[in-house]
Amino acid sequence: QARWREFAAREASRLAEPLPEPLRQWLREVFELSDEPSQAALQKRPRVQTGWIPIQQWVQRARSIRELFRSDYTGALAQANQLLEEQRKQPDPYFVVRSLCNFAMRVVRRDSVQALAWAKGAHDLDPTNPFTWTTLAEVQLAARQTSEAEATARAAWERFQRNVVAQSTYAKVLHKARKHEQAAAIYRATIQHFPDDVVARAGLADVLKSLGRLDEAEAIYRRVLEAQPDNADALHLLGAIAYTRGRQLEADGLVRRALSLNPGTGEFHNTHANVLKAMGRLSEALNSYRKALTLKPDYADAHNNLGLA
């Protein structure tokens, strides 16, 4: 009921606006319901537009802007704001919400203030959308606002019981907060309701690894790779377990596969450096530690490992 009241308060005021008839009719039908509407009723909301919307152009521009953030942050920021301004002119918040969330996730490690502003803006525009909640929690977590991320993720977990991403995100935040047993319990409950979800299984394996239950974690990672042979995170973490257990040749092969799929992840390079160091290949290990720090300058583990090497 709280979610419905939140939605109603935002949408009811829009009936006075010059809305397209499909959206106006949908609002009338929803507000005629005496009880909280079903998720199916809410999802019937029509995609509407005022005039011509260059949707494909917006999609292409958003992708280009996301890539431009890697090389020209100032230029990308200007283009992002221009696109967002165009999308805000539409009565349906769908397009601007997607862009806000995607841009926030792209820039959070570079500019957490901007990322938080975009994520909060998306959440304010569409608080009935689980994507805005999980994005805000992810951004808060990346910005090291762990307590805020936990509160946001818990609220999403409570509100969106049938959304697998909301369920897994709460478990992920609990894991990052070092509440491992709670995280494992949430992941197990998520897997029970969504048995085919690979993300939840991989997340549970991550937690079990943190708890030192390596046999269980390794078994789950291998099942994940049976379903998704190119899952870079599972390859990396399975390689990390092999490294911990002294199986360095196996670890090297697994982490190299992970790097071939996702070469821009600092954690992968740091793990590979650990493996190379254990194999006596110190020069290569040093290069990998430096690569990890190039990708993630504030990476404490890589700084420490480089100093020890």
Side-chain angles (χ1 to χ4, degrees), residues 63 66-71 105-110 138 141-142 168 171-172 175-176 180 183-184 187 191 196-309:
R63 288 174 179 167
R66 280 169 56 86
E67 289 304 312
L68 187 60
F69 274 121
R70 297 180 185 275
S71 58
M105 291 297 293
R106 172 62 77 186
V107 307
V108 63
R109 295 192 183 280
R110 164 74 180 266
E138 291 273 13
L141 188 63
S168 291
K172 177 181 177 179
H175 182 203
K176 293 294 185 181
H180 301 319
Y187 273 130
I191 292 167
D196 297 327
D197 188 72
V198 174
V199 173
R201 290 188 179 277
L204 176 59
D206 295 350
V207 175
L208 293 172
K209 178 176 177 292
S210 297
L211 289 167
R213 292 155 63 176
L214 299 185
D215 287 340
E216 295 173 76
E218 185 170 347
I220 294 174
Y221 285 137
R222 293 193 186 282
R223 287 201 295 272
V224 168
L225 289 174
E226 288 176 4
Q228 293 184 350
D230 290 336
N231 187 309
D233 289 329
L235 287 164
H236 165 244
L237 292 166
L238 190 58
I241 290 176
Y243 160 74
T244 300
R245 294 186 151 183
R247 307 195 307 260
Q248 305 308 340
L249 285 175
E250 179 186 352
D252 183 48
L254 288 164
V255 179
R256 283 184 186 276
R257 283 178 60 196
L259 282 167
S260 71
L261 294 164
N262 194 350
T265 302
E267 288 82 353
F268 292 9
H269 288 279
N270 181 65
T271 300
H272 195 216
N274 290 338
V275 173
L276 292 168
K277 180 183 174 184
M279 296 173 74
R281 294 155 61 177
L282 186 57
S283 177
E284 294 174 78
L286 291 173
N287 288 335
S288 290
Y289 285 133
R290 293 186 182 109
K291 180 64 174 179
L293 290 170
T294 298
L295 293 166
K296 191 176 179 181
D298 61 347
Y299 191 6
D301 284 350
H303 278 290
N304 294 335
N305 291 334
L306 179 60
L308 292 172

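Bear in mind that the values here come from a model prediction, so they are computed numbers and not experimental data.
A distance of 12.5 Å separates CE of Met279 from OH of Tyr243, quoted to the nearest 0.5 Å. Taken from CG in Asn305 to NZ in Lys277, the straight-line distance is 6.5 Å, to the nearest 0.5 Å. Taking CG from Leu214 and CD1 from Ile241, the interatomic distance works out to 5.5 Å, rounded to the nearest 0.5 Å. For the atom pair Asn231 CG and Asn262 CG, the distance stands at 10.5 Å (nearest 0.5 Å).
Residue Arg63 places its CZ atom among 12 or fewer non-hydrogen atoms of other residues, nucleotides or ligands, all under 6.0 Å distant.
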Check against side chain to side chain contact (heavy atoms under 4.5 Å, CB included), Val198 and Arg201:
CA-CA 5 Å; Val198 174; Arg201 290 188 179 277; 5.6 Å; no
Any chance you could lay out the side chain to side chain contact (heavy atoms under 4.5 Å, CB included) test for Leu306 and Leu286, step after step, and finish with the verdict?
CA-CA 7 Å; Leu306 179 60; Leu286 291 173; 3.7 Å; yes
Evaluation steps, side chain to side chain contact (heavy atoms under 4.5 Å, CB included), between Ile220 and Arg223:
CA-CA 5 Å; Ile220 294 174; Arg223 287 201 295 272; 3.3 Å; yes
Audit row: Tyr299, Asn304, side-chain hydrogen bond (donor to acceptor under 3.5 Å, both in side chains) steps and yes/no
CA-CA 9 Å; Tyr299 191 6; Asn304 294 335; over 6 Å; no
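Note on Asp206 versus Lys176: no salt bridge recorded, every NZ/NE/NH1/NH2 to OD/OE distance being 4.0 Å or above. The pair Arg247-Glu218 meets the salt-bridge criterion, since a charged nitrogen lies less than 4.0 angstrom from a carboxylate oxygen. Salt bridge present: Arg256 and Asp252 bring a charged side-chain N and a carboxylate O closer than 4.0 Å.
At a threshold of 4.5 Å between non-hydrogen side-chain atoms, the residues Leu211 and Glu216 do not count as touching. The shortest distance between side-chain heavy atoms of Val199 and Tyr187 does not fall below 4.5 Å.
Of all non-hydrogen atoms in Ala302 and Leu293, the two that sit nearest each other are CB-CD2, 3.7 Å. Closest approach of Ala205 to Ala217, counting heavy atoms only: O-CB, 3.4 Å. Contact detail for His180 and Val207: the closest heavy-atom pair is O-CG1, 3.2 Å. Nearest heavy atoms, Leu235 versus Leu254: O-CB, 3.7 Å. Ala200 and Asp197 make their closest contact through N-OD2, 2.8 Å (heavy atoms, listed as atom of the first residue, atom of the second, distance). Closest non-hydrogen pair, His272 versus Ser288, comes out as ND1-OG, 4.1 Å.
Thr271 pairs with exactly one of Val255, Leu237, Asp301 by the side-chain contact (heavy atoms from CB on, under 4.5 Å) rule, that one being Val255. Under the side-chain contact (heavy atoms from CB on, under 4.5 Å) test applied with Lys296, the options Arg109, His269, Lys291 reduce to a single match, Arg109.
Side chains of Tyr289 and Asn274: a donor-acceptor N/O pair is present below 3.5 angstrom, by distance only.
Although no hydrogens or angles enter the test, the distance criterion places no donor-acceptor pair under 3.5 Å between the side chain of His175 and the main chain of Leu204.
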